[in-house]
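Please read the structure below before turning to the comments.
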Amino acid sequence: MSKDKSRLEPGAANARLRELREIIDTHNYRYYVLDEPSIPDAEYDRLMQELLQIEAQHPDLVTIDSPSQRVGAPPRSDLPPVRHAVPMLSILTETDTTEEAVLNFDARIRRELEIESDNELVQYSAEVKFDGLAINLRYENGVLVQAATRGNGEVGEDVTPNVRTIRAIPLRIDQQIPVLEVRGEVIMRRADFERMNDQQRESGGKIFVNPRNAASGFLRQLNSQITAQRPLTFYAYGIGEVVGFDIGNTHSELLDKLHALNFPVFDKRVISRGVDGLMQFYREIGKCRDDLPFDIDGIVYKVDKFSQQRQLGFRSREPRWAIAHKYPAQEQLTELLDVEFNVGRTGAVTPTAKLKPVFVGGVTISSATLHNIDEVERLGVQIGDTVIVRRAGDVIPQIVQIVPEKRPANARPIVFPAQCPVCSSPVERVEGEAVMRCTGGLFCPAQLKETLLHFKHRRAMDIEGLGDKLAEQLVDQKLVTSVADLYRLDIDTLANLERMATKSAQNLLDALEKSKQTTLPRFLFGLAIREVGEATAMALANYFGDLDVIMAADFETLQRVPDVGPVVAAHVVDFFATEHNRDVIQQLREAGVTWPKIAVRNRDEMPLKDKIYVLTGTLETMSRDQAKERLQLLGAKVSGSVSKKTSCVVAGPGAGSKLADAQALGVEVIDEQAFLERLGKLEA
DNA sequence: TTACCTCGAGCTCA
DNA sequence: CTCGAGGTAA
């Protein structure tokens with residue numbers, strides 16, 4: 001693709017225009033008709049920008065059928081067409097991520113409104129630009145009679161039955177208004193989208209690339225019963241034809257009126273005199289963009305006063321009084337350069353995509369997990385493919401789709417290794433599981449390394465100073481072959497390692513020494529028994545009270561522990577049945593690892609059973625983790641947020657909203673002093 | 001997954 | 001001055 005922005009010779013320009021029109025038409029078709037775009041919006045925008053630019057330089061080459069002359073593609077034939085009473089415009093070309101574009105916009109508005117004085121500021125309204133599907137809702141005499149998509153702006157598709165299933169959309173409005181067309185966006189919340197895709201994955205259904213596609217797909221679904229089951233929602237932001245309803249004098253007033261009529265209007269919006277307030281709003285929303293429940297593209301700024309909007313008017317296909325200020329794209333195209341296979345603590349062999357670095361949603365992404373074989377197959381991805389990388393809401397970048405037409409001739413399939421890439425042991429796939437596992441166990445350096453790191457974890461044995469690099473050296477130089485070996489390291493061996501000298505070595509030895517005084521739950525957690533995390537380790541420790549009892553417990557006995565089922569029980573039995581594991585435990589004990597006895601009490605005897613505690617602010621005499629541990633030993637649950645069910649909030653200095661919540665809900669609040677006294681009394 | 005910050009300590013060169 | 005560890009935020 002030519003990135004050359006300089007002026008082309010007419011011949012070359014014409015050739016490129018033809019090419020661009022064809023590409024854009026294809027993508028329009030995929031996007032609007034098939035609901036299966038194969039490139040991200042950002043890429044589409046670039047193509048469109050290039051087309052517009054060349055056409056601007058060569059006005060004589062603009063053809064009537066150029067994609068620049070219309071919005072979108074013709075409506076899909078299997079839904080009835082609807083001609084809009086008032087065209088549905090979009091804010092397409094004037095989009096930019098720079099503040100400069102906004103300043104230019106303001107300057108233009110001022111020029112066209114003939115505002116000369118610097119003291120006179122234009123009143124704007126700013127609202128989020130939803131990443132969904134624009135829709136027109138027509139109410140006649142207060143009743144929803146028709147809902148239509150934007151289509152090409154003039155003619156859209158009738159999606160009334162589907163829209164009626166969306167709960168956020170009123171089917172009737174209280175006031176008797178002869179005609180009211182409300183415009184807004186149908187969207188799907190991110191959380192709903194994730195949940196739905198998870199379900200689809202389980203049931204083998206179609207997986208959607210992003211919430212907008214999903215929303216679009218379901219809105220245009222022919223069977224409205226299917227739409228009814230989908231979590232679509234709606235926000236209003238404008239109007240079409242109106243008869244017999246006072247829309248007020250400004251855009252923001254209009255939104256208030258729509259809200260009063262029970263239309264959902266997103267509450268994050270502002271009115272600003274001049275551009276400074278707009279920029280501020282842009283930055284504020286930018287900061288919390290990922291916390292919003294749905295995807296947005298950017299912010300829309302509109303001249304607020306209708307009188308001024310009328311004065312400014314329209315340019316062929318867009319209002320002259322509005323502009324979209326976009327955020328960095330959450331989806332980008334890049335190339336899959338290679339796939340690496342990483343071996344985790346449990347031996348799981350995970351394919352990781354090495355990508356040509358791209359800037360997505362504010363950071364540079366160069367690698368992303370491909371999860372497992374199923375995912376690789378679902379994507380149909382090969383090395384060399386061009387892929388769409390998405391990073392939104394959550395933080396983890398995903399490869400959501402490949403662009404099949406961009407596959408190079410030398411693309412190679414992704415081959416899962418039959419042998420562990422680290423230790424060459426055979427790799428197995430357990431029946432019914434998606435993951436492949438290295439069978440090398442702790443003989444596999446990769447697994448051993450991860451096991452060491454788990455053992456030293458802050459919530460396990462808490463060995464400070466044992467990091468990634470050190471674990472790697474210890475394993476590679478065969479200085480450690482099990483967690484027990486850690487306690488046999490001496491200062492000379494350690495001091496000879498890279499980036500280690502006597503000081504660091506001694507610090508590590510001190511940390512190891514300190515770690516020997518531990519607790520049973522920490523120790524159990526540190527052993528890295530499959531499916532035994534912090535909570536399960538705690539449950540086992542509290543139930544049995546003693547390691548030897550746990551080791552001797554059989555499959556049935558284990559399942560009497562709360563939250564332990566057959567799967568966990570089997571893993572625990574397995575672990576302790578393995579001779580090597582028993583050896584290691586023996587060695588650890590011999591090295592001096594000990595923990596205080598836990599008085600076994602069953603749940604009913606625990607003084608704080610069924611109580612839910614919440615910690616907030618800073619505790620001065622102990623860490624949050626310690627406080628949590630002690631509470632749990634007394635049978636209490638420790639939760640992160642305050643609700644009706646919370647029994648007590650422990651508030652240290654600097655407590656914020658949780659304290660306020662507690663007071664609002666009338667939950668007991670105690671300070672650290674009172675907390676310590678209570679602990680002391682109950683632990684006795 | 002990346003970016004950024006802090007801390008302590010090792011390493012290098014004067 | 002650089003590196004590794006550790007934490008945290010986006």
Side-chain angles (χ1 to χ4, degrees), chain A residues 97 190-191 194 282-296 327-332 334-342 344 350-371 375 387-400 449-450 452-477 479 486 489 491-512 514-515 616-619 623-626 628 640 654 656-657:
Chain A
T97 56
R190 265 196 302 257
E194 301 293 344
Y282 176 83
R283 283 190 289 262
E284 265 168 34
I285 296 292
K287 265 187 237 153
C288 67
R289 181 186 184 189
D290 289 344
D291 299 326
L292 294 179
F294 44 78
D295 284 353
I296 58 170
Y327 290 116
Q330 295 183 318
E331 279 180 7
Q332 287 291 329
T334 189
E335 258 168 74
L336 177 59
L337 302 176
D338 198 8
V339 173
E340 274 177 13
F341 291 91
N342 302 312
T350 314
T352 306
K354 294 291 135 192
L355 303 165
K356 192 167 154 211
V358 264
F359 194 68
V360 194
V363 291
T364 309
I365 301 294
S366 57
S367 78
T369 174
L370 282 166
H371 300 107
E375 178 73 358
V387 297
I388 301 178
V389 176
R390 176 178 169 85
R391 179 186 180 274
D394 46 11
V395 165
I396 305 187
Q398 290 175 289
I399 294 180
V400 291
K449 187 185 146 196
E450 295 299 322
L452 292 181
L453 291 174
H454 177 80
F455 188 73
K456 77 112 225 181
H457 194 276
R458 197 160 41 87
R459 295 179 185 283
M461 302 298 281
D462 194 17
I463 304 165
E464 212 172 309
L466 177 59
D468 254 11
K469 299 281 167 179
L470 188 54
E472 183 145 352
Q473 291 189 68
L474 292 174
V475 171
D476 289 350
Q477 301 188 23
L479 296 170
L486 287 172
L489 292 167
I491 193 156
D492 293 338
T493 323
L494 284 172
N496 277 327
L497 296 169
E498 239 171 80
R499 275 265 136 200
M500 290 288 283
T502 50
K503 182 71 181 164
S504 303
Q506 191 55 53
N507 284 348
L508 178 59
L509 290 177
D510 292 347
L512 281 163
K514 206 172 111 199
S515 76
T616 182
T618 333
L619 297 178
S623 76
R624 218 163 241 253
D625 284 343
Q626 285 167 340
K628 184 174 170 184
S657 62

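Quantities reported herein were computed from a predicted structural model and do not represent experimental measurements. A note on names: the letters A, B, ... follow the listed sequences, proteins ahead of strands, and every chain is numbered from 1.
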Distance check needed: [N] [atom2] versus [X] [atom1], whole Å only.
{"X": "A:Q398", "N": "B:dT2", "atom1": "CD", "atom2": "P", "answer": "14 Å"}
{"X": "A:D462", "N": "C:dG6", "atom1": "CG", "atom2": "C1'", "answer": "11 Å"}
{"X": "A:E464", "N": "C:dG6", "atom1": "CD", "atom2": "C1'", "answer": "8 Å"}
{"X": "A:L494", "N": "B:dG10", "atom1": "CG", "atom2": "C1'", "answer": "15 Å"}
{"X": "A:Q506", "N": "B:dG10", "atom1": "CD", "atom2": "P", "answer": "12 Å"}
{"X": "A:H457", "N": "C:dA5", "atom1": "NE2", "atom2": "P", "answer": "15 Å"}
{"X": "A:L470", "N": "B:dG10", "atom1": "CG", "atom2": "P", "answer": "12 Å"}
{"X": "A:R459", "N": "C:dG6", "atom1": "CZ", "atom2": "C1'", "answer": "14 Å"}

Indicate whether OP1 or OP2 belonging to [N] is found under 4.0 Å from a side-chain N or O atom of [X].
{"X": "A:N507", "N": "B:dA9", "result": "yes"}
{"X": "A:S366", "N": "B:dT2", "result": "yes"}
{"X": "A:S504", "N": "B:dG8", "result": "no"}
{"X": "A:S367", "N": "B:dT2", "result": "yes"}

Does any non-hydrogen side-chain atom of [Y] lie less than 4.5 Å from one of [X]?
{"X": "A:E331", "Y": "A:V389", "result": "no"}
{"X": "A:V360", "Y": "A:T334", "result": "no"}
{"X": "A:Q473", "Y": "A:E498", "result": "yes"}

Side-chain donor/acceptor of A:Y327 to backbone N/O of A:R289, under 3.5 Å: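 Not at all, since once roles are kept as given, no pair shorter than 3.5 Å links the two residues.
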Verdict with reasoning, A:K449 to A:E472, per side chain to side chain contact (heavy atoms under 4.5 Å, CB included): CA-CA 6 Å; A:K449 187 185 146 196; A:E472 183 145 352; 3.2 Å; yes
Residues forming a salt bridge (charged side-chain N to carboxylate O under 4.0 Å, His left out) with A:E464, sequence neighbours excluded: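 For A:E464, no residue satisfies salt bridge (charged side-chain N to carboxylate O under 4.0 Å, His left out) once neighbours in sequence are set aside.
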Are there any protein N/O atoms within less than 3.5 Å of an N/O atom in nucleotides 11-14 of chain B, and if so, which ones and at what distance?
none

Full working for side chain to side chain contact (heavy atoms under 4.5 Å, CB included) between A:L479 and A:T493: CA-CA 8 Å; A:L479 296 170; A:T493 323; 3.6 Å; yes
Closest heavy-atom pair and its distance - A:H454, A:A460: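 Closest pair (atom of A:H454, atom of A:A460, distance): O-CB, 3.6 Å.
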Stepwise side chain to side chain contact (heavy atoms under 4.5 Å, CB included) test for A:T502 and A:Q506: CA-CA 6 Å; A:T502 50; A:Q506 191 55 53; 6.0 Å; no
Residue A:K469, side-chain atoms from C-beta onward, closest of B:dT1, C:dG4, B:dG10: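 My answer, after comparing the listed nucleotides, is C:dG4.
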Check nucleotides 7-10 of chain C against the protein and report each pair of N or O atoms closer than 3.5 Å, with its distance, or say if there are none.
residue: C:dG7; atom: OP1; partner: A:R458; partner atom: NE; Å: 2.9

